[in-house]
Every structure is written in C-alpha cells, then in structure tokens.
2 protein chains.
Amino acid sequence: MPPSPPTTMQPRKTPIQNRSRVTVEAIYEATIQVLLRDGMNDLTTTSVAERAGVSVGTMYQYFPNKQALVYALNARYLDALAVRIEATCREQSGAPLGQMVEALIETYWAAKTERADVTRALYRSVAELNNDALIHAFAERVDRATAEMFSSARDAVFADVPRANLALVTVIYGTVRNAFERGLSTQAAADLRQDLTTMCRAYLANFSV
Amino acid sequence: MPPSPPTTMQPRKTPIQNRSRVTVEAIYEATIQVLLRDGMNDLTTTSVAERAGVSVGTMYQYFPNKQALVYALNARYLDALAVRIEATCREQSGAPLGQMVEALIETYWAAKTERADVTRALYRSVAELNNDALIHAFAERVDRATAEMFSSARDAVFADVPRANLALVTVIYGTVRNAFERGLSTQAAADLRQDLTTMCRAYLANFSV
DNA sequence: CCAAAACCTGAAGATTTCCTCATATTCTGA
DNA sequence: TCAGAATATGAGGAAATCTTCAGGTTTTGG
C-alpha cells in the first residue's frame with residue numbers, strides 16, 4: 001500500500017473531443033464494475049484501465065490519481081441523486097404534506113434500492129476518502145429543495161421550517177440506509193417503509209392546519 | 001497494495017499469561033490511535049506495532065493479518081455497544097413505552113457521541129471489511145433485547161412485536177448515524193433528538209392500551 | 001491538405017507494505 | 001530449581017502498486 005499522497009481530487013483535464021468523452025465514460029463504467037467485482041481494496045489502476053479498454057496512461061490524463069477517480073464517481077452519483085430529489089420536490093410543490101413525505105420516501109428508497117449492489121459498493125468505496133465536503137454540499141443542496149417543498153404545503157404551517165425539515169430528512173435518509181444495510185426481506189422492507197411513512201405523518205400532524 | 005489474501009479473520013492465538021494480555025490490549029489501543037491519526041489507508045502493521053511498543057512479530061502472533069486486527073477491534077466495539085443496549089433494556093423492563101423509547105435513544109445516542117472521533121474512525125475502518133456476519137450477529141442480538149423489552153411494556157400490546165421492533169430500531173439507529181455524519185451543531189442535535197423521540201412516540205400511540 | 005492540438009500507449013522506475021522465521025527472553029508449575 | 005511452554009524480537013524476502021513520460025496516432029480547423 002503506497003502512502004496517501006497529498007491527494008488532489010480535481011480532475012486533470014476535461015475531455016474536448018468526442019472520443020475522449022467516450023473514453024472517460026468507459027473509465028467510469030469500468031470503475032463501477034471493478035468495484036463490484038473486486039471491491040475498493042483490490043481496485044487497481046491497471047484493472048480499471050484494462051476493463052475500460054484503455055491504457056493506464058489514458059486514465060491518468062483525466063484523473064490525477066486513483067482516489068480522484070473514485071471521488072469523481074461518487075460525485076456523479078450524488079449529483080444524479082440530487083437531481084431526482086429536486087425533481088420530486090418540484091412535482092410535489094403545493095401538495096398536501098402527507099403526500100410529500102410519501103413521495104420523498106418513495107424517491108429516496110427507489111434510488112437506493114434499484115441498484116442495490118452499486119449503492120453498496122459506492123458506500124464502501126468512499127469510506128476512506130476525504131469526502132466530507134462532497135457530502136455536505138449534497139446535504140445542503142437537497143435540504144434546500146425539501147425545505148422549500150415543505151414550506152409550500154397547502155395544509156400546514158411551520159413555526160420552524162429548517163428544524164422540521166432536518167428532522168424529516170435525517171429520519172428518512174438514515175432509516176433507508178439502515179434498512180438497506182440490514183438486507184431485509186421484501187416483506188420486511190415493505191412493512192418498514194409503511195411504518196416509516198406512518199411515523200413521519202404522525203410527526204407532521206403537529207403542524208397541520 | 002498487496003492482494004487481499006483469503007483473509008482469515010480468526011485470532012491466531014489466545015493470550016494466556018498476563019503480559020500477553022497486556023500486549024494485546026496495547027495493540028488494540030494502538031490500532032485506535034493510528035486509525036485516528038492516519039486513517040485506515042495509512043495504517044500499517046509497523047505503525048501499529050511501533051505505537052503499541054511491541055514488535056511486528058508479536059502482533060502477528062495474535063492476529064493473522066492486518067484486516068483481522070481491525071476486524072477484532074470492531075467486534076470488541078460492537079460487543080461493548082450491545083452490552084450497553086442490553087443493560088438499558090433490562091432496566092426498562094416493564095416500564096411505560098414512551099420511557100423505553102427515550103431510554104433507548106439516550107443510550108444509543110450517547111454511545112455514538114461520547115467518543116465521536118473513535119466512532120467515525122471505526123465506521124470508516126470497516127467499510128472494506130467482510131463484516132456482514134459481524135453486523136448481522138450484532139443486529140440479531142440487540143434486536144432480541146429490544147423486542148423483549150417492548151413486549152414487557154405495561155401500557156401497550158403489540159399485534160406484531162418483531163415488526164414494531166424493527167421499525168423502531170431501524171429508525172433510531174439510522175437517524176442517529178445520519179445525524180452523526182452530518183456533524184450537527186449542539187442545538188440542532190438536541191432538537192433532532194427531541195423530534196425523533198416525538199416521532200417514535202407518535203408511532204407507538206397505535207399500540208397503547 | 002497540413003500544422004497544431006488532442007489523445008493514446010505501456011514498459012519500467014520508485015516505493016511501500018505485508019508477513020515470516022530463526023533466535024532470544026521470560027514465565028510457570030512441579 | 002529447572003525444563004518446557006509462552007512470549008517477544010526485527011531484519012529482510014517476496015510481491016504489488018502507483019504514476020510518469022517520451023513518443024506515436026488521430027482529429028480538427030482553416
């Protein structure tokens with residue numbers, strides 16, 4: 001294990017021509033596959049390049065080092081997730097509170113479950129990365145979206161929007177992740193999801209008009 | 001990075017004399033400290049041995065490899081956590097439901113927060129380990145304890161204990177972890193904790209007698 | 001058509017790390 | 001006391017990985 005260099009997470013060069021865009025895309029895809037197959041520990045620059053069908057040199061033209069590669073992959077994933085959450089929030093704008101909660105749970109749950117193996121692999125891959133900034137930026141972004149959505153509810157009025165928002169998103173995201181890590185059966189997962197909804201709605205009853 | 005060998009997680013030898021027990025203890029402590037200082041990535045067998053004041057050879061007499069060391073450390077941590085949860089469950093046996101929930105949240109929250117840096121370091125250290133079995137054993141153990149506690153509540157009757165139990169523990173553990181990862185301010189954390197309690201109680205109202 | 005820019009290649013250098021083993025020291029129990 | 005068990009040592013072998021760079025190929029734009 002080589003020592004962790006003063007890691008630069010910034011991409012090295014941005015693709016300009018089309019073939020390089022394809023290359024970079026292939027590298028991302030290969031990274032996921034290697035992560036799934038070997039795990040972060042055995043993910044080597046060589047194995048990724050090989051799987052992507054390019055040479056290591058090419059990889060290093062776009063990513064300054066191995067960690068930056070995984071970092072970028074996670075940034076992508078979080079961005080896609082944020083986009084989905086934001087879309088849900090827009091759709092639910094002005095809806096009743098209960099429906100909002102249900103929609104939010106649905107979106108988050110689906111995003112994590114659809115490709116459970118990828119989700120799990122990514123969770124593991126970032127553990128040793130300096131991704132606090134990434135996580136915080138993501139949290140701020142989606143918190144803003146959900147807070148705005150809740151504010152727009154036609155059947156509620158909040159004394160302290162940020163507080164209620166934090167409570168809801170923390171409980172929802174935390175529960176989904178925990179449920180996911182437990183590897184629940186389909187039935188148990190469905191029950192849990194319903195109970196989670198129940199809980200959130202019970203909490204929200206405090207604010208209904 | 002050497003390839004991941006068919007890792008044996010089992011300890012190699014059990015200390016018999018007192019000096020070796022002290023040695024093993026020192027190794028555990030050193031592992032935590034190196035984990036805090038350098039992170040899992042830069043944790044080397046040499047650095048741990050050095051910090052512990054023993055030679056690498058000694059370390060390898062008790063742990064077959066590096067991963068087994070970290071694995072054992074986590075097993076220890078989980079055991080300590082389970083013991084605390086079980087104690088709380090015993091104490092609350094026969095109490096009112098609301099009090100049980102509060103006590104459980106208190107215990108779990110405290111355990112995770114008391115030494116936040118250690119908790120975080122351990123979370124990160126296991127990410128790449130094959131610790132599913134460990135996690136499942138832990139979950140089963142504490143789930144049994146809490147389920148029994150809830151069953152004993154004097155002011156409630158459950159149609160489906162396992163289901164209610166799963167909902168509660170998943171929400172509580174998940175929320176605490178998520179809150180913890182967000183690095184909330186003291187005030188925000190206190191608010192959240194209260195809201196979490198509120199939610200759980202609202203959910204439990206369905207079962208009160 | 002052609003010069004310049006963009007892109008790709010991959011062998012090899014520079015480092016590091018894990019773990020063993022032969023040997024030395026300390027402890028225990030009779 | 002003392003033989004055997006338990007424990008400790010630490011230099012070095014064996015193995016792998018990351019990353020570079022000099023040079024070749026493809027594309028672009030005028």
Side-chain angles (χ1 to χ4, degrees), chain A residues 1-28 30-31 34-35 38-72 125 128-129, chain B residues 1-28 30-31 34-35 38-72 125 128-129:
Chain A
M1 215 180 290
S4 302
T7 306
T8 309
M9 290 300 185
Q10 291 314 308
R12 193 171 250 174
K13 185 158 80 172
T14 307
I16 292 184
Q17 300 177 358
N18 228 316
R19 59 177 165 156
S20 57
R21 268 192 291 273
V22 171
T23 296
V24 170
E25 194 52 43
I27 292 174
Y28 278 129
T31 307
V34 172
L35 227 38
D38 305 335
M40 178 66 168
N41 239 336
D42 294 344
L43 179 149
T44 70
T45 51
T46 311
S47 64
V48 169
E50 203 164 351
R51 192 79 185 74
V54 301
S55 73
V56 243
T58 296
M59 230 202 64
Y60 275 90
Q61 223 147 22
Y62 301 100
F63 304 96
N65 53 59
K66 195 173 105 173
Q67 315 199 24
L69 174 66
V70 177
Y71 185 90
S125 72
E128 294 174 22
L129 252 46
Chain B
M1 212 180 291
S4 304
T7 307
T8 309
M9 290 299 186
Q10 291 315 309
R12 194 171 249 173
K13 185 158 78 172
T14 307
I16 292 184
Q17 299 178 359
N18 227 317
R19 59 177 165 156
S20 57
R21 268 191 291 274
V22 171
T23 296
V24 170
E25 194 52 42
I27 292 174
Y28 278 129
T31 307
V34 172
L35 228 37
D38 304 335
M40 178 67 169
N41 240 335
D42 294 345
L43 179 148
T44 70
T45 51
T46 311
S47 64
V48 169
E50 204 164 350
R51 192 77 185 76
V54 301
S55 73
V56 243
T58 297
M59 230 202 64
Y60 275 91
Q61 220 144 25
Y62 301 100
F63 304 95
N65 54 57
K66 197 174 105 173
Q67 314 198 27
L69 174 65
V70 177
Y71 186 91
S125 72
E128 295 174 22
L129 252 45

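Labels below follow one simple rule: chain letters A, B, ... track the order of the sequence lines, proteins then strands, and each chain is numbered from 1.
- We find that CZ of B:R19 is positioned 4 Å from C1' of D:dT7, with the value rounded to whole Å.
- Heavy atoms of B:R21 sit nowhere under 4.0 angstrom from any nucleic acid atom.
- B:F63 has its CZ atom 15 Å from the C1' atom of C:dC19, to the nearest Å.
- Taking 4.0 angstrom as the limit, A:T45 places a side-chain polar atom (N or O) nearer than this to OP1 or OP2 of D:dC18.
- Within 4.0 Å (heavy atoms only), A:T58 reaches at least one base atom of the nucleic acid.
- B:K13 has its NZ atom 6 Å from the C1' atom of D:dA6, to the nearest Å.
- Shown here for B:K66 and B:M40, the closest heavy-atom pair between the two residues is NZ-O, 4.4 Å.
- Neither OP1 nor OP2 of D:dT17 sits under 4.0 Å from any side-chain N or O of A:T44.
- Counting only distance, with no hydrogens or angles, the side chain of A:S47 and the backbone of A:L43 share no donor-acceptor pair below 3.5 Å.
- Separation of atoms OG1 (B:T31) and CE (B:M59) is listed at 7.0 Å; rounding is to 0.5 Å.
- In this structure, the CG atom of A:N65 is 5 Å from the P atom of D:dT19, given to the nearest Å.
- Distance, A:I16 CD1 to D:dG29 C1': 14 Å, rounded to whole Å.
- Note on B:S20: every side-chain N or O is 4.0 Å or more away from OP1 and OP2 of D:dA6.
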Full working for side-chain contact (heavy atoms from CB on, under 4.5 Å) between A:Y60 and A:T45: CA-CA 9 Å; A:Y60 275 90; A:T45 51; 3.1 Å; yes
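- OP1 or OP2 of D:dT20 sits under 4.0 Å from a side-chain N or O of A:R12.
- Rounded to an integer number of Å, the gap from B:M40 CE to C:dT17 C1' is 13 Å.
- Considering only side-chain N and O atoms, A:Y60 lies nowhere under 4.0 angstrom from the phosphate OP1 or OP2 of D:dT20.
- A close approach under 4.0 Å does occur between a side-chain nitrogen or oxygen of B:S55 and OP1 or OP2 of D:dT9.
- Rounded to whole angstrom, the span from the CD atom of B:E25 across to the P atom of D:dA8 amounts to 14 Å.
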Trace of the side-chain contact (heavy atoms from CB on, under 4.5 Å) decision for A:R21 with A:N18: CA-CA 5 Å; A:R21 268 192 291 273; A:N18 228 316; 3.9 Å; yes
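- The nearest whole Å value for the distance from the OH atom in B:Y62 to the C1' atom in D:dA8 is 8 Å.
- Comparing A:T14 and B:G57 against DNA chain C, the residue whose closest nucleotide sits nearer the 5' end is A:T14.
- One finds no side-chain N or O of B:T23 lying less than 4.0 angstrom from the OP1 or OP2 phosphate oxygen of D:dT7.
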